[in-house]
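Report on the following structure.
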Amino acid sequence: MAEPQKKSFLPVFLNGLITENPTFTLMLGMCPTLGVTTAAMNGVAMGLATTFVLVFSNLIISLLRNIIPDKVRIPAYIVVIASFVTMIDLFMQAFLPELRAVLGTYIQLIVVNCIIFARAESFAAKNPPLASLADGLGMGLGFTCSITLLAAVREIFGSGTCFGLQVMPAGYQPMAIMNMVPGGFITLGVLMILVNVIKRVAARRSEERKEEKLA
Amino acid sequence: MQKQLAITSCPHIRSRKTTQRIMQDVCIALAPAGIAGIVFFGARAAAIIAVSVITCVLTELVYEKMMGQRVTIGDWSAVVTGLLLAYNIPATAPLWIPMVGGVIAILLVKMLFGGIGSNFMNPALTARAVLFVSWGGIMGSYPVTRFMEQTADGLSGATPLAELARVFAGQATLAEGTGLWDLFIGNCPGVLGETCKLAILLGGVWLILRDVADWKIPVSMIGTVFVLYLLTSGFNFGLSLREVLSGGLLLGAFFMATDYATSPQSNLGRVIFGVGCGLIVFVIRAYANYPEGCSFAILFMNVVTPLIDRYTMPKCFGEVKQHG
Amino acid sequence: MFAKRMFPGGIHPHEGRNGKKVNRANPIQELPAPQRLIVPLAQHIGAPAKAVVAKGDRVLMGQMIGEPGGFVSAAVHAPCSGRVADITLCKNFAGAEVPCIIIENDFKDEWVELHPAQRPETLTADEMRTIIRNAGIVGMGGATFPTPVKLTIAKDKTFEKLVINGAECEPYLTADHRLMLEKPGAIIDGIQLLMHAFGVSEALVGVEENKEDAIQALRDAARGVEGISIRPLPVRYPQGGEKQLIYALTRRVVPAGALPIETGCVVLNVGTVFAIHEAVRQGMPLIHRITTVGGLVNNPGNYLVRIGTPVRALLNACGGIQPHVRTMISGGPMMGTAFTDVDIPVTKGCSGILALDKSAIDVDESACIRCGRCLRACPMHLQPAQMDRLIRAERFDEVDKLGVLNCIECGACTYVCPAKRLLTQSFRAGKRIVNIRRKKVRDREAAERAAEEAKKQQAPADGKGKEE
Amino acid sequence: MNIWLVIIIGQILVNNYVMCQFFGICPFLGVSKKVDTALGMGLAVTFVITLASFITWMVQYFILVPLNLQYLQTIAFILVIAVLVQVVENALKKLSPSLYQALGVYLPLITTNCVVLAVAVNNITDGYNLLEATMSGCFSALGFTLALLLLAGIRERLELSNMPKWMQGFPGALITAGLMAVAFMGFGGLI
């Protein structure tokens with residue numbers, strides 16, 4: 001990725017969404033991933049807020065990549081990122097106060113979400129604006145999808161609902177621990193095992209297919 | 001004659017103690033407490049014990065079959081986990097509680113980490129804590145025994161520990177609470193295996209005599225709780241004694257704090273572990289909002305165990321500094 | 001008078017049938033020499049002996065037939081009179097093929113001319129070492145380290161205490177017990193001779209307290225003798241380990257990685273002392289030893305066996321082994337060697353021949369349950385389970401740090417392990433690899449140093465060249 | 001109860017930032033493979049957080065509040081933290097090379113450790129005074145260090161156990177952390 005070759009929009013976008021999914025593959029941005037995912041709706045909101053910041057900070061940093069001196073690049077990136085975070089924070093405080101209250105400090109903490117920082121450092125600083133935009137969008141949506149999935153699982157077991165709709169049978173006694181810290185860690189761990197297993201099976205399948213073709 | 005001879009490397013004799021025998025000994029030691037539970041809480045207790053044990057053994061069996069590993073249910077450790085889990089559930093709980101608990105204990109806490117000896121937290125206790133946090137209403141309401149004054153819903157108003165907490169806070173006197181004898185033989189509300197202290201002590205003595213459990217952990221743990229209550233209650237001997245005999249302290253100290261995989265191995269480490277458990281039990285009982293601190297105390301010390309082990313391992317005999 | 005003297009750790013191994021309880025009452029019987037004796041040239045630690053006879057030679061009983069092959073080596077002698085039938089490779093207990101001198105017994109037992117010491121009480125240390133060396137004496141407890149080497153004290157070390165090992169902590173074995181019971185005078189005499197020769201004023205004889213009769217016999221024999229004290233020791237394996245014995249008797253700790261002489265002590269087995277007594281007083285070389293036959297044999301006992309007697313002859317004398325025997329062991333059950341061929345000869349270090357059933361072999365390894373029993377059993381205060389895990393994970397640097405090289409391979413951890421893990425076996429492999437790695441590091445460092453030195457030497461030489 | 005006891009017990013055990021609140025998970029999972037490195041990271045974090053708590057409190061009450069710029073809190077704090085980390089790194093390099101060698105590699109990672117920002121923000125939210133804020137920062141960081149050490153101890157042990165392959169690495173660390181969090185729940189409501 002370090003080579004400044006031309007990158008087209010779609011592969012970069014898909015790379016962020018699936019191949020290098022920030023949550024399941026890169027293990028970035030764990031705090032909000034675990035902190036806010038007690039309900040699917042929170043996951044979506046947090047994911048979209050992060051995507052917004054990611055897209056615009058990637059874009060701006062990419063545009064400024066040849067202007068910012070190397071030595072002060074970290075404070076510079078942080079200022080860029082923090083500005084967008086403050087914007088989305090103020091926006092939510094004004095228009096979605098309830099959601100903002102639920103997500104709490106985590107919105108402010110998007111600043112230190114390592115996904116954004118990592119993408120700025122490893123992608124946007126080396127790539128042209130359009131590709132950076134694609135990367136931000138892909139990574140952001142990848143992040144949104146995975147934390148929504150995590151949040152949905154936790155909501156189903158922890159509250160018996162999904163996006164607020166009752167999905168479990170009426171007699172179901174919600175497993176409260178799923179909404180607490182241990183539930184977050186363990187659910188993510190189990191999901192990660194599943195993702196790894198699926199990936200491995202898929203890899204084996206494709207290898208087998210290759211071998212078949214060769215044969 | 002010569003053909004049958006086998007080459008083995010020394011030592012050529014092995015002690016008769018096996019993992020299986022140790023676990024069977026624990027089961028034997030646990031039997032009195034279970035019987036007492038059935039006597040005090042009725043057939044319902046037996047059903048919970050059965051479901052819990054069967055779930056644990058089946059979970060281990062199915063997991064190992066699925067993973068194509070060697071089946072290890074023959075070592076009886078799943079039975080021990082099942083018994084301990086059941087003993088930590090109130091007899092009024094629905095039967096899906098021990099089922100969920102059994103799966104959590106064996107699958108999540110034990111097998112995922114590599115099976116017996118590899119888990120770093122006590123499976124039964126962890127499962128109990130998860131159940132407790134998830135379904136506090138079910139896990140936290142204790143039935144009265146069959147020999148106590150019956151209540152409308154069969155649940156007791158105040159556990160001995162709650163009574164004692166009020167005594168400790170100076171809001172009640174000892175005389176109002178459960179009698180010492182009732183506490184000792186188990187005629188008091190509680191989870192099904194923890195009430196009969198006589199049975200637990202019998203089992204504990206068996207464990208120590210059979211060289212299964214190390215006395216240092218239970219003694220230092222119970223001793224710490226006793227001494228701390230003595231010191232903080234102005235040397236109220238009766239209160240301190242009742243604190244020791246209430247709740248899950250004895251069951252935890254003898255059967256769960258002594259779990260090999262989750263407690264330190266060196267002598268010094270075991271004393272530190274026991275004192276740590278006792279200290280946390282005291283702090284949670286006296287100051288936290290959970291009425292019973294025993295399981296969380298042991299769990300927390302389980303987590304600290306690798307570090308205790310790291311810093312208390314014996315130095316090699318004759319090791320001098322410059323030989324490092 | 002003395003508090004119970006304990007070394008750290010240790011175990012109480014159990015015995016099967018015909019163990020110490022039975023055999024301690026069986027007096028030493030002399031086993032007649034068989035038709036053919038097979039005398040290995042390598043019965044000791046160190047270089048094998050060099051044969052000094054040829055095929056067809058007639059040898060006399062006690063004649064030196066192999067001379068020491070180096071400093072750390074020992075002579076071997078003909079255990080009977082007869083003819084050298086062959087010098088060939090034969091199996092030893094460890095299963096290796098070693099050169100052996102095979103002697104056809106003529107049943108005359110014609111002795112070579114023996115030279116008892118002239119004035120035994122005034123022997124110097126050097127004379128004593130020479131006698132011991134000529135008699136081919138090695139450590140009789142099973143280690144078979146050449147005794148004269150052990151008694152060669154470096155100049156900067158002092159030898160102030162003689163520690164005599166009569167612990168006999170291995171299960172089943174009673175050879176030393178019977179020896180102490182039947183020849184206490186000879187043992188005390190041997191100790192006195194050594195004390196005179198090496199100028200040592202104190203000798204401590206450690207005997208496990210379950211041999212109360214032997215303790216009494218030795219005490220009677222030592223009455224009125226200055227400097228020798230008989231010390232009962234708690235029954236606990238491995239009480240007879242050098243470092244453990246020294247600690248139990250003197251409270252001195254042998255530093256890790258060092259030899260016992262660091263504490264001013266030399267440890268000798270009672271059997272060795274007895275052999276020294278025979279060598280000095282009668283001029284007799286080491287041609288026989290006392291061996292216990294125990295376990296699943298029909299008539300267990302303690303036998304005075306000529307070195308080179310095939311095990312088969314010994315077993316025949318005991319009425320044969322029982323049908324369900326599955327493993328045969330030379331030495332004790334904890335540290336001995338299993339063998340399958342009963343034509344292997346008895347050697348200088350063979351303290352026992354045991355027949356055991358399958359219960360000891362048919363054990364499956366299962367996962368470590370972290371019970372900590374091995375930790376408590378280890379007499380060296382090591383961390384057996386952790387070392388085993390690291391060795392299996394091939395993390396040898398950490399294994400080295402945990403002190404695997406201090407393991408004395410006593411087998412206590414393996415004995416107590418309820419998961420039946422093969423700990424001692426793992427440590428043997430681990431020690432070998434750690435030693436190889438250490439040597440590699442040493443070699444590399446030496447090479448680097450040499451290179452640096454060469455550079456340094458070159459530099460001044462260059463400078464000189466310029467000046468001139 | 002005594003405010004100091006509340007801060008000490010609260011920040012280390014009851015409201016442990018990692019185990020009870022989901023902050024600082026990335027370094028918690030990333031730097032917990034070995035106890036020694038965990039200790040180094042923990043000490044570095046403790047140092048930075050204590051300082052950052054002190055400085056951000058002053059920034060909030062001496063600059064942002066007087067100028068009515070509270071909405072710039074995030075930007076201001078993160079800038080302070082980033083600069084602070086840089087300064088600490090440079091200072092350590094000059095003043096104590098040995099300490100720099102031990103902690104240096106962890107310092108750049110601290111900028112993106114959300115515990116630092118979270119503690120700074122929460123100090124303001126909780127209305128602590130300067131001393132309380134600094135102490136709270138210090139003990140929060142010690143709580144973080146404790147959690148890090150515990151996880152590292154367990155992970156070192158798990159490395160030698162026969163965990164299934166698919167559990168090794170992050171999934172195992174996550175589930176371990178989850179179980180640890182269960183153990184920490186016992187302190188709930190202690191204060």
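A note on names: the letters A, B, ... follow the listed sequences, proteins ahead of strands, and every chain is numbered from 1.
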For D:D36, is there an ion pair with B:R310 - N to carboxylate O distance below 4.0 angstrom? yes
salt_bridge(D:E159, D:K33) N-O dist < 4.0 Å: no
Are the side chain of [X] and the backbone N or O of [Y] linked by a donor-acceptor pair below 3.5 Å?
X      : Y      : result
B:D309 : B:P264 : no
B:T81  : B:S77  : yes
D:Q21  : D:N15  : yes

[X] versus chain D, heavy atoms under 4.5 Å apart: side chain, backbone, both or neither?
X      : answer
B:A261 : both
B:N119 : backbone
B:I280 : side chain

Given that the side chain runs from C-beta out, which part of [X] has a heavy atom under 4.5 Å from chain B: side chain, backbone, both or neither?
X      : value
D:L158 : side chain
D:M167 : side chain
D:Q168 : neither
D:L160 : neither

Between the side chains of D:T134 and D:S53, is a donor N or O closer than 3.5 angstrom to an acceptor N or O? no
Verify whether one side chain among D:N122 and D:Y128 offers a donor that lies under 3.5 Å from an acceptor in the other.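 Absent: no donor and acceptor within the cut-off.
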D:F184-B:F296 aromatic ring centre distance below 6.0 Å: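 Aromatic pair excluded; centres sit 6.0 Å or further apart.
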Ring centre gap for B:Y87 and B:F255 strictly below 6.0 Å: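 Ring-ring flag for B:Y87/B:F255: false, centres at least 6.0 Å apart.
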Among [options], residue most engaged with chain B (heavy-atom pairs, under 4.5 Å):
options                : result
D:G153, D:P164, D:A152 : D:P164
D:L150, D:I175, D:V182 : D:L150
D:N162, D:L151, D:I154 : D:I154

Can you tell me if D:F54 has over 12 outside heavy atoms packed within less than 6.0 Å of its CZ? no
If you draw a 6.0 Å radius around OH in D:Y61, do more than 12 non-hydrogen atoms from other residues or ligands fall strictly inside? yes
Going by residue number, which parts of residues 55-67 of chain B are within reach of chain D, meaning a heavy-atom gap below 4.5 Å?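 Within residues 55-67 of chain B, the residues that come under 4.5 Å of chain D (heavy atoms only) are B:Y63, B:M67.
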